[in-house]
Amino acid sequence: MMTVKEFQVGMVGTNCFLAVNSETKDVLIIDPGDNAPVLKQYIEQEQLHAAAVLLTHGHFDHCMAAQELADHYGISIYAHEDEKETMENPAYNCGGMIGKELVFHADKYFHGEKDHISIAGFEIDVLHTPGHTQGGVCFYVESEGILFSGDTLFCESVGRTDFPKGSMSKLIRSIEEKLLVLPNDTKVLPGHGEWTTIGKERQYNPFL
């Protein structure tokens, strides 16, 4: 069973999620934002075993703490191969918004429109959802009825597409073809703001 602990980190209130296997105490760190110390404190306080860092996309507010956590726990950072340019190019990862030239890296890359990983005792579908960025992904844990949607889908909103490599047409297509086909009761845990469900977004999201 998955237990999710949410942290809001950084100046733009990014949602970081710790997805914990309640049986083994393995934990996945999803979009760690910029606050490694608070995440490490919780992981160690709860005696959890960090398994990986999963990134929905490469904007600074989602991945500044990724390398520090990966180094501290000796774990890998995962991202989509199409996000490599966004992560490694300061002009694309939006670090300039906080006056910094930032470069990020991943250790392992997802491929194609749909990938799959077995990690921390969970089976996770990795859905490639370009639009907010070209290599953005959502993590769908079917057994738990949970979707970590990053900045693709929000409660009654969608991700911005005015950043480099963004595309509103691609974003809407990604949501309609990859996310709205999921069960109505799927919990959506977005990169910012409150949680929602696929059914609610199908009915009330004005962008869809």
Side-chain angles (χ1 to χ4, degrees), residues 2-22 24-81 83-110 117 119-122 124 126 132-133 135-139 141 146-152 154 159-160 163 189-195:
M2 177 182 285
T3 303
V4 178
K5 174 69 174 178
E6 177 185 352
F7 296 84
Q8 282 199 349
V9 294
M11 64 175 64
V12 291
T14 301
N15 294 339
C16 165
F17 299 104
L18 298 183
V20 181
N21 184 320
S22 54
T24 65
K25 290 211 161 188
D26 289 341
V27 59
L28 299 172
I29 305 167
I30 301 172
D31 287 353
D34 66 353
N35 200 330
V38 71
L39 301 179
K40 286 192 287 188
Q41 179 183 14
Y42 182 83
I43 289 170
E44 284 149 28
Q45 167 192 309
E46 298 297 316
Q47 298 182 310
L48 305 177
H49 318 296
V53 176
L54 307 182
L55 299 178
T56 61
H57 64 292
H59 285 159
F60 78 95
D61 57 313
H62 289 256
C63 54
M64 280 180 69
Q67 195 64 57
E68 181 178 344
L69 291 165
D71 291 345
H72 182 77
Y73 292 112
I75 57 178
S76 295
I77 301 169
Y78 290 73
H80 196 278
E81 60 185 349
E83 197 68 351
K84 201 169 190 291
E85 184 179 18
T86 295
M87 295 174 70
E88 296 181 0
N89 188 330
Y92 294 164
N93 63 42
C94 299
M97 292 175 66
I98 56 171
K100 293 185 178 181
E101 293 274 308
L102 301 171
V103 177
F104 306 112
H105 302 283
D107 305 297
K108 298 183 179 181
Y109 289 95
F110 306 119
I117 53 172
I119 193 165
F122 300 116
I124 302 175
V126 182
H132 179 65
T133 62
V137 297
C138 298
F139 300 110
V141 191
I146 289 175
L147 178 80
F148 298 95
S149 65
D151 285 5
T152 295
F154 298 129
R160 290 175 59 173
F163 294 128
L189 281 57
H192 303 273
E194 64 185 90
W195 298 15

Subject >> Summary of salt bridge (Lys or Arg N to Asp or Glu O under 4.0 Å) pairs that have at least one residue in residues 58-68, sequence neighbours excluded >> reply: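 Qualifying pairs: K40-E68.
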Sequence-distant partners of [X], side-chain hydrogen bond (donor to acceptor under 3.5 Å, both in side chains), two or more places apart:
X	value
N35	none
T86	none
Y73	E44

Original post:
What class does the angle between the rings of Y78 and F110 fall in, given that below 30° is parallel, 30 to 60° is tilted and above 60° is perpendicular?
Top reply: parallel
Original post:
Just wondering, are more than 12 heavy atoms of other shown residues or ligands nearer than 6.0 Å to CD in Q41?
Top reply: no
**OP:** Count the heavy atoms of every other residue, nucleotide or ligand shown that sit under 6.0 Å from CD of E6, and state whether that count exceeds 12.
**Re:**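 Counting neighbours around CD of E6, more than 12 heavy atoms of other residues, nucleotides or ligands fall under 6.0 Å, so yes.
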For [X], give me all partners under side-chain contact (heavy atoms from CB on, under 4.5 Å), at least two apart in sequence or on another chain.
X	result
V4	M2, F17, I146, F148, L189, W195
E88	K84, V103, H105, Y109
D71	Q67

Original post:
What pairs meet the side chain to side chain donor-acceptor pair (under 3.5 Å) rule with one or both residues in residues 47-56, with sequence neighbours excluded?
Top reply: D31-T56
Original post:
Residues two or more places apart in sequence or in another chain: which of them pass salt bridge (charged side-chain N to carboxylate O under 4.0 Å, His left out) with E81?
Top reply: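 Listed in chain order: nothing, the list is empty.
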Subject >> ring-ring contact (aromatic ring centres under 6.0 Å, His included) involving F104 - partner list, sequence neighbours excluded >> reply: none
